[in-house]
Structure formats: C-alpha cells, structure tokens
Asks: 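Just passing along the structure, written as structure tokens.
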Amino acid sequence: MYRTVTCGDLRITHVSQSVTLAGWVQSSRNLGGMTFIDLRDRYGITQLVFNLEDNEELCLAARKLGREYVIQIKGTVRERSAKNANRPTGDVEIQVTELVVLNASSVPPFTIEDESDGGEELRMKYRYLDIRRNPVKEKLLFRHQIALETRKYLSELQFTEIETPYLIKSTPEGARDFVVPSRMNQGQFYALPQSPQTFKQILMVAGMDRYFQIVRCFRDEDLRADRQPEFTQIDCEMAFVEEEDILITFEGLMKHLFKTILQIELPDFPRMSYDEALRDYGSDKPDLRFDMKIQHLNDSLKDKGFAVFDNAELVAGIVCKGIGESYSNKDINDLTDWVKRPQIGAKGLVYIKYNQDGSLKSSVGKFFTDEQLKELAQKVGAEAGDLLLILAGTHDATLKQCGELRLEMARRMNLMKPGEFKAFWVLDFPLLEWDEESQRFFAMHHPFTSPLPQDMHKLNSSDKDTLKSIRAAAYDMVINGAEVGGGSIRIHDRALQAQNFKLLGFTEEEAEAQFGFLLGAFEYGAPPHGGIAFGLDRVCAIMQGSTSIRDYIAFPKNNQGRDMMIDAPSALELKQLNELGVSVMQK
Ligand code: ASP
C-alpha cells in the first residue's frame, strides 16, 4: 500500500497513529537538528519532521530531497508545537521513521505555489506542473462538481446522456469547421461538430424524448481571450415542449447548480425581450448587477440647434450616480479618448454635471439653456451630484456604444460586485440577420430555429424589413453580462424547414445535399421539440467570477490556437499525407 492516508486527512484526533503517506515535496527547511518537509498531494499538505539526533541517516537523506521529488514515508502523527491555523492539517506533523524516494524531479521551471512566478505560456507548456498548483487544481475540481450536478439534475428529470459522433459532415453555416481528411474516401473530409445540433434533433425524431450530453464542440474561429477552438457544452433537447417548458427546466438547472455548489438561492429569472435589452442596455447580454439604463434623449435634445445632435439618428446617454463632482476634466478627457477608440467608435462624448449647489457644467452649455438641461435631468432621473454622459450618431451604433460605455462606467465606479449574480432570460431574438456584405439573410441562432407562431405569417413576405422583424422562439440565458446558454424551439415540419432554408439563400439542391437527412427525418413523424446548450467552461468561470474560460480547461490552447505542451498543430510526414490523399502547398 502506497499510503494509508492522504496529505489532507490528518487532524489532532489522529495523534500517535502510525501512518504511511505519499506525495510531492513542496518545500523543505533545515533548522539546526531538524528538517521539515511539506508533503503535498491533491488533498492537502502535511508537515514531516526528521530529527538528526533520532536518526542521522534518515535526516541526511531527507536533506537531499529536492522540490517535487515523489516520496513515500512512514511515521507517527504528533501534535505540533507551532501550529499553522491556515492549514486544515496544521495542528499535526509526522515524525518520520522510514523514507522511500519513489521518483526524483528536475528543478521545476516555475514555483508550484498559489502565486506562481511562471508566465502563462511557460505554465501552459508545463501544464502538469501548473495543475499541481492549488488555484488550477481547484478549478478542475469545481468543473467536475458542475458536470456531476448537471448529470444528477437532468437524469432525475428523465434526460438520457447519449453520445453523438465527432466525425460528421461540414456545413457552410455558422463558424468555420475543423476538418479531418478521410483516408478511406480520398478527397473527402469529415468535419468536427460545432455542436451536435442536428443529431439531437434526430434523437427527438427517434423518440428518445429527453437528451443531454456534456460534449466537446469545435469552432475554427479567430480566438479571443474567452474563446477556445474546442470547448464543452451541456447540450440538451426535449420533445413535446413549448418555450415555457424549456425556460422552466433550465432555469431549474442553473438554480440547482448555484444552490448545490455555491449555496446560493437564485430568485426566479426575470425575462426581457431582445428589443428591450438593446433599447435599455445596448446589448443582448446586459449585465444587470447595476441599473444605469440607457436614456433615449431625442425628444429633449434634437432640433435645438446643436448640429451633432440634430444630425444624429439617436441621442442617448447614461446617468452615473453620485460621481458628478468627483469627476475631473482629466477623467472626462480620458473617457472621451476611451469612447473614441476604434473598438468603441464614438465620435465624441458630451457630459453634463449636475452640481450639489444646483449649478451645472456641460460641454454643450452654449447650445442649451440651464433650464433645458435641468428639465432633462428631471426626465432621466439625474439628481444633484450625478453625471450624465451622452453619445449621438446612427441608431444601432449609438446604442451599442452606450452599452459599452455603461459597462466601462460600471467598471470605473466599481458597480460589479464579486459574489453577486443576476441571471435572466433574453427572449424573442430576431429569426434572421441581414448581412450587407453578402446581401443575404443569415439565421441569427441557427437554421433550425422556429419563428414565433404569431410571426409565422411574415415568412412569405418579400419585404426585407418585414423579414427582419420576424421574431424567433429563441432564448439566451444571461448571467452577469455573459451569455451562458442559448437555444430555441425548432422547426419540426418539413415544408417550414424547407421554406426557412430558402429564406437563407439555399437552393433546394443545396438544402437537400447538406441537410437532406434532417428533412428526410422530418417526413417520419417528427415531434415538436426544442432545446438549449450551455457553455460548461463559461458557466464555471461565471460562477467563480473569473474572466477566463481557459482556467477551467485542463489542457487549453493559447491565443494562436496552439497546445503548448504537445506542440500542436504540427506538420505531417509526406507518407502520411499521401496516404490521406492530401497534398500540401509548400509556403
Ligand atoms: N446548438 C446550439 C448552439 O450551439 C444550441 C441550441 O440551439 O441548442 O448554440
């Protein structure tokens, strides 16, 4: 037996027991005749003591142990004279009687401490050492808890976990596919699934009724900090349901996760339409931990002689509570530079400070009377001490910029409190999205999403604006400004699905070639169905207030999509390429 207890087990109640422990040498200290070693495993750290006087040979052997050596010891548990209250095992130590070195270790390239001295790339290269660090290990354990509780909750509700294939067919919709050449069918390629969407729908046609899968999805997109080329979804589908059934079931899942894992009772999720979200927050995934709704100011500020406003489609702003007087000219200039950055794209920023003494200061003071600006304050709920920030321009862009400004001000004003969660649903997304560049409609969610019944009649229209106004039975779950999940009620009627493909610019032949299997399945008694998928990595990150999903992935890729540890992707030998029937152009 390598061990009788782990490094996290021992307490004062175990004093005088004989134990065997195994683990890694975290650190060692020589103090006169004593050598202390901190022994670490996944469960904790236990202090070992070697006494020179008691056993010289053993103590000298202990002094030779380097960091991260793997050792096994036998000894007796005793009470520590200097206790360590920060450690669960801190009341005891092991008086060691036997030591076996199970494996030596080279000096690790960074310290295996909570705060490591290793840069991110280095830690990714030596991910096995990084995972030995508490913060990384804890995140993987947290992820396991989420997956486990998800399985429990869904299984309880008769969901069945079913695996769908990873080698599937490439489709031009959505993101770019990762593709895999087929050796047995030269010149042909599989694609790795962006999601198991069509398979889970087919499982509903197959009568499985309730499906879920914790499943890897692959998207060959340009990477941002919170994106990974492969990520994990909690993917779900239900038959014989309406939107309401899905919302209740999966609001329930999220409440279950928060309750069992964080001991937080989430209140019922508010619901808002996509249109409301954009109108009030300039985003389809607003952060509702703070209010600061966007104020629409056309009525008060347009056509009063200030050309910037007069020429704008939309004048809108946000009220920042209580910072009017503390916000200096420099702060305003900083903020103006910030909104003008290309990522935000505003032309400028107008401010009005409502001072405590009733006076006001504004960058547009010459164009408006104090009376007008005070009336405006009344209208938008600005009080003495508040700062009103205003942007103007085209409708959609200005709303989006206001949304960004709202978030930035919340950051600067420290309004996003860690440990606070605001979860809600955004409903009624548009079915279609017009793409100027390719002059065609794309599915906002995906091509299998059903229009809302009350908008169904508009599908036959040839008017672009009418088509744009069709709402879908599509929903997103948003927590603290992040989309954690999204889904829709699906089309289950062959004719309607064919009509939708047509709207999306597919010819009948293209639709048949790419999705014939689904259209075919719809001919054999497809039940009404709908579903949702959550980003597991993202759910973990949000629940722990982390900004990066990478931390929750055992072996993530870097910003160039590389696995630094195994050094992938890599070139192939000519022989292998030939076998696959793939020729590669030399750069
Ligand atoms: N397959 C969709 C996605 O990956 C989710 C869904 O509609 O269930 O976004």
Side-chain angles (χ1 to χ4, degrees), residues 150 154 159-166 168-178 191-205 208-221 226-239 241-243 245-251 253-254 274 284-285 425-433 442-452 471-479 482-492 497 500 504 514-515 518 526-539 549:
T150 297
L154 292 174
F159 283 80
T160 308
E161 188 162 18
I162 302 173
E163 287 174 280
T164 52
Y166 278 160
I168 65 165
K169 184 155 108 176
S170 183
T171 59
E173 284 299 289
R176 250 180 244 113
D177 283 328
F178 281 102
L192 301 179
Q194 296 182 27
S195 87
Q197 185 60 36
T198 48
F199 289 97
K200 65 174 172 174
Q201 290 190 238
I202 297 238
L203 284 170
M204 295 305 103
V205 181
M208 288 309 296
D209 202 63
R210 293 181 166 202
Y211 142 98
F212 83 103
Q213 184 180 191
I214 297 185
V215 62
R216 200 71 54 78
C217 300
F218 306 85
R219 296 183 190 173
D220 188 6
E221 295 173 301
D226 62 341
R227 287 264 170 90
Q228 283 280 314
E230 48 179 309
F231 59 95
T232 303
Q233 283 192 343
I234 303 168
D235 191 49
C236 313
E237 197 76 7
M238 305 169 83
V241 287
E242 294 173 337
E243 183 165 327
D245 302 297
I246 305 245
L247 299 185
I248 294 296
T249 306
F250 292 98
E251 182 166 327
L253 168 64
M254 200 49 69
Y274 172 86
D284 61 1
K285 45 177 179 351
W425 291 104
V426 178
L427 309 178
D428 305 345
F429 278 79
L431 183 72
L432 304 166
E433 210 172 8
F442 280 91
M444 186 129 180
H445 187 49
H446 51 55
F448 318 107
T449 295
S450 173
L452 281 181
R471 289 162 302 164
Y475 30 78
D476 274 359
M477 186 188 285
V478 178
I479 304 181
E483 180 211 322
V484 292
S488 59
I489 296 296
R490 326 298 184 189
I491 296 169
H492 64 279
Q497 185 63 66
N500 203 33
L504 297 171
Q514 278 165 37
F515 298 112
L518 187 68
H529 60 286
I532 191 165
F534 293 90
L536 173 63
D537 319 291
R538 174 133 324 134
V539 168
I549 63 167

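In listed order, ligands and their atoms are each counted from 1. Just the heavy atoms: all of them, side chains too, but no hydrogens, waters or symmetry mates, feed the values below. All residue numbers refer to positions in the sequence shown, counting from 1. In this text the structure is predicted, and so the values were computed from the model without any measurement.
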Asks: Give a yes or no on whether the backbone of Ile489 and the side-chain of Glu243 come within a donor-acceptor separation of less than 3.5 Å.
Replies: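 No, Glu243 side chain to Ile489 backbone: no donor-acceptor pair under 3.5 Å.
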Asks: Of all residues at least two apart in sequence or in a different chain, which pass the side-chain contact (heavy atoms from CB on, under 4.5 Å) check with Arg216?
Replies: Tyr166, Phe218, Glu230, Thr232
Asks: Walk me through whether Thr249 and Met238 qualify under side-chain contact (heavy atoms from CB on, under 4.5 Å).
Replies: CA-CA 10 Å; Thr249 306; Met238 305 169 83; 3.6 Å; yes
Asks: For the residue pair Thr164 / Gln213, report whether a side-chain donor-acceptor contact shorter than 3.5 Å exists.
Replies: yes
Asks: Output, in order, the C-alpha distance, side-chain angles, deciding distance and verdict of side-chain contact (heavy atoms from CB on, under 4.5 Å) for Arg538 and Phe231.
Replies: CA-CA 9 Å; Arg538 174 133 324 134; Phe231 59 95; over 6 Å; no
Asks: Give the residues near ligand 1 by chain and number, with the criterion being a heavy-atom distance under 4.0 Å.
Replies: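 Around ligand 1, where the cutoff is 4.0 Å for heavy atoms, the contacting residues are Ser195, Gln197, Lys200, Arg219, Gln233, His445, His446, Gly486, Gly487, Arg490, Gly531, Ile532, Ala533.
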Asks: Can you classify the ring geometry of Phe429 versus Tyr274 as parallel (below 30°), tilted (30 to 60°) or perpendicular (above 60°)?
Replies: tilted
